[in-house]
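In the text below, chain A, chain B and the rest are named by the order of the sequence lines, each starting its count at 1.
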There are 2 protein chains.
Amino acid sequence: METNNSATIEDVARLAGVSIATVSRVVNGKSPVVPETAQRVLDAVRALNYVPRAAARILASKHTNTLGLIVPEISGEFFAPMLRGIEAAAGEAGFDLLIHTTSYKSLETHRHTLGEHNTDGLLVFIDSMELAELTRLNSIGFPIVFLHQTAPAGLNIPVVTVENKKGAMLAVEHLIEVHHCRRIVYLSGPEGNEDSGWRERGYRLALEKHGIPFDPALVLFGNFLSKQAERTISAVLQASLEFDAIFSGDDLAAVGAMSALREAGLRVPEDVKMIGFDDIPLARHLTPPLTTIHAPTEEVGRMATNLLIRLVRRETVESEILLPTELTIRQSCGCRAL
Amino acid sequence: METNNSATIEDVARLAGVSIATVSRVVNGKSPVVPETAQRVLDAVRALNYVPRAAARILASKHTNTLGLIVPEISGEFFAPMLRGIEAAAGEAGFDLLIHTTSYKSLETHRHTLGEHNTDGLLVFIDSMELAELTRLNSIGFPIVFLHQTAPAGLNIPVVTVENKKGAMLAVEHLIEVHHCRRIVYLSGPEGNEDSGWRERGYRLALEKHGIPFDPALVLFGNFLSKQAERTISAVLQASLEFDAIFSGDDLAAVGAMSALREAGLRVPEDVKMIGFDDIPLARHLTPPLTTIHAPTEEVGRMATNLLIRLVRRETVESEILLPTELTIRQSCGCRAL
DNA sequence: TTATACTATGTAAGCGCTTACGTAGAGATT
DNA sequence: AATCTCTACGTAAGCGCTTACATAGTATAA
């Protein structure tokens, strides 16, 4: 937008009969200004509908007051709450949010769209940034916080994520202890996904703890996607794989798996018990209502943002924050409704 | 971030042995530069890892290359696809996206966070902006596009939305013609919501067309929310309201309604037929899979963004775009699976 | 050859702020 | 009353770009 028509700091200064420095001071609430003067300035600001040009501010002050968020793709169910948390925390602290998704472009063309030149700090979600760029930013001390993924070796970047392993153990132990399941499928996330890795570790640990041998054939590919999970479960059903329960790496995959089960004439939880992970809003509305590991996703967004802001302010911060997960019992695991 | 360490256009100019103007020209690909010179500049850019400071650019050129998006709240299921469309379209055209939600602040404190001083144009979703500010922006010719809501009288702001009325008619007629329903509940959205208004009009029209008298008692409050819909349906079930079908103003409410029905021991579709609106990704995974009106939400985001960009470029644009909705038959209406 | 028209590049004036520094005047100190 | 402090405010120097304008150099036309 051509902004040459709207009021600048100079117009305000003229109308209020002060210098532009004073206007700046009043607007930013810094250094003392006599109340009467301040009031005159404020009146002028209102009269002229003055809004400081962000660009001029940034250029002069050298900080952007903007946080960047890089995500591979905005996939609704899971990401929306996190985004809500991020947006809220950023907004409350007076920061703007610049969002970039890497889905429709290669990482390469994305190299420099977000960085020290247009943001004060970056929130980076899973695999959405090149290591070289990350290393460069980290080396110049640019504030970065990772979401749901620990930093590559050598980089000093804090992470905010959830207790994946503990959550998974909770789920699998519930299946074993309460429902006496022995052959439990683990529906994994995308190849190399860290959340999924930890959840699988929790799964294995729980089996081990109860003396159930780990069977690799029971680890299936769900890709954190309803569609993929549905396809996978259909396929193994076809191949008559035997199992009495499914622990799904995330709720969406659980949804897909339940569709496949229903399609095959199997009932949840009578024939197959099911537990998910994340606790998306719709989980309780599924049929049967989905027992799942509740993950405080919105809180992850908030925490990460607050952490980043502290980093921007050059405060020291913890290098890892693990938010608690808990078992939310509904009916898909075989428990009765409350 | 203090950016005083990283390279500026001057460093590049010095290294390449040209003036900063030439660097600017090469970087922006404007006005002709001899290939050899250009190459020298490009080499210098690469060597110094030069990235133009956005703020300086904006200040000098007077446009921000940024689009603003104002939404009341980022509610996952429905909004995520739209956001994906917006992000994609903006990204492809080389625009950044600045997002503001109005949920956690009053509209008043939000007055000037997004506007002509930091964006080239604004995407405004339902009721998320004060009329006064809207009027001011419109009067100075600032580009704005509305999503799912027509502009207030007197303002010349284009809208992108979907064929609500037609979609609703499709749904209700299907219920009447194919499944012989006569007492169809309409589960409305939030008070004053335009989408819901049109959907209700479509509902009434369909009834009228088939000679079914309109019964105000059948218009229930769903608020486009699972929880509210669940509560409402529970309540009317308690009060033994009679109905043989529910046309829900959106899928989330349909989900809640189905929970309430199940809770009351009623089966869908045997006892109550159900059709939703929007076709959220989970619709097909519900039990039974939800028959719904498919709305091209992502496409709405894309279209609106492209429209806005054309507005930013001072091209003329259509004042209203209505994207087609269509009936997606699954099983909740009583049709058999395909 | 000389005038004419481009073309590629340089020069410099801002864009609208923030902020280090300077200064006048009021109050405190002697 | 003279000196010293502080405080409130003004002055002015950039921040790193874009772009109108100027200019040197080259190609074209006469």
Side-chain atoms of Ala60(B) come closest, of dA20(C), dG14(D), dG14(C), to dG14(C)

Closest to the side chain of Leu59(A), out of dA20(C), dG16(C), dT18(D), is dG16(C)

I need the CD-C1' distance between Glu116(A) and dG16(D), as an integer number of Å. 14 Å

From the candidates dC17(D), dT18(C), dT9(C), the one with an atom nearest any side-chain atom of Thr37(B) is dT9(C)

By nearest-heavy-atom nucleotide on DNA chain C, the more 5' of Val34(B) and Pro52(A) is Val34(B)

Side-chain N or O of Ser19(B) versus OP1/OP2 of dG10(C): is the shortest distance under 4.0 Å? yes

Residue met sooner reading DNA chain D from 5', once Ala21(A) and Val27(B) are mapped to nucleotides: Ala21(A)

In terms of side-chain heavy atoms of Ser24(A), which of dT19(D), dT9(C), dT19(C) is nearest? dT19(C)

Side chain to side chain contact (heavy atoms under 4.5 Å, CB included) filter on Thr66(A), not counting sequence neighbours, yields Thr64(A), Asp96(A), Leu98(A), Thr119(A)

Nearest-angstrom distance from the residue atom CZ of Arg53(B) to C1' of dG14(D): 15 Å

Pair up each side-chain donor or acceptor in residues 147-157 of chain A with any protein partner under 3.5 Å, not counting sequence neighbours, and list the distances.
{"unit_1": "His148(A)", "atom_1": "ND1", "unit_2": "Asp195(A)", "atom_2": "OD1", "d": "3.2"}
{"unit_1": "His148(A)", "atom_1": "ND1", "unit_2": "Asp195(A)", "atom_2": "OD2", "d": "2.7"}
{"unit_1": "Gln149(A)", "atom_1": "OE1", "unit_2": "Asp127(A)", "atom_2": "N", "d": "3.1"}
{"unit_1": "Gln149(A)", "atom_1": "NE2", "unit_2": "Asp127(A)", "atom_2": "OD1", "d": "3.2"}
{"unit_1": "Thr150(A)", "atom_1": "OG1", "unit_2": "Glu194(A)", "atom_2": "OE1", "d": "3.2"}
{"unit_1": "Thr150(A)", "atom_1": "OG1", "unit_2": "Glu194(A)", "atom_2": "OE2", "d": "3.2"}

Is the backbone of His117(B) close enough, under 3.5 Å, to the side chain of Arg53(A) for a donor and an acceptor to pair up by distance? no

Asn28(B), nearest nucleotide to its side chain (from dT18(C), dG16(D), dT18(D)): dT18(D)

How many Å lie between CD on Glu10(B) and P on dG14(D), as a whole number? 12 Å

In whole Å, I'd like the distance from the CG atom of Asn65(A) to the C1' atom of dG16(C). 17 Å

Could you state the CZ-C1' distance from Arg25(A) to dT19(C), rounded to the nearest angstrom? 8 Å

By nearest atom, which of the nucleotides dC17(D), dC15(C), dA12(D) is closest to the Lys62(B) side chain? dC15(C)

Should Thr22(A) be listed as having a side-chain N or O under 4.0 Å from OP1 or OP2 of dA8(D)? no

Please confirm whether the backbone N or O of Gly115(B) pairs with a side-chain atom of Asn118(B), one donor and one acceptor, at under 3.5 Å? yes

Nearest-Å distance, CD (Glu36(A)) to P (dT7(D))? 17 Å

Working to the nearest 0.5 Å, report the span between CG of Leu48(A) and CD1 of Ile9(A). 12.0 Å

Taking any heavy-atom pair under 4.0 Å as a contact, classify Ile20(A): base, sugar-phosphate, or nothing. base

Could you tell me the separation between the CG atom of Asn118(A) and the P atom of dC17(D), rounded to a whole number of Å? 12 Å

May I have the distance from Arg14(B) (atom CZ) to dG10(C) (atom P), rounded to whole angstrom? 14 Å

It should be established whether Lys30(A) places a side-chain nitrogen or oxygen under 4.0 Å from OP1 or OP2 of nucleotide dT19(C). yes

Which nucleotide in dG14(C), dT9(C), dC17(C) has an atom nearest any side-chain atom of Ala56(A): dC17(C)

Rounded to the nearest 0.5 Å, the CZ atom of Phe125(A) sits from the CG atom of Leu123(A) at a distance of 10.5 Å

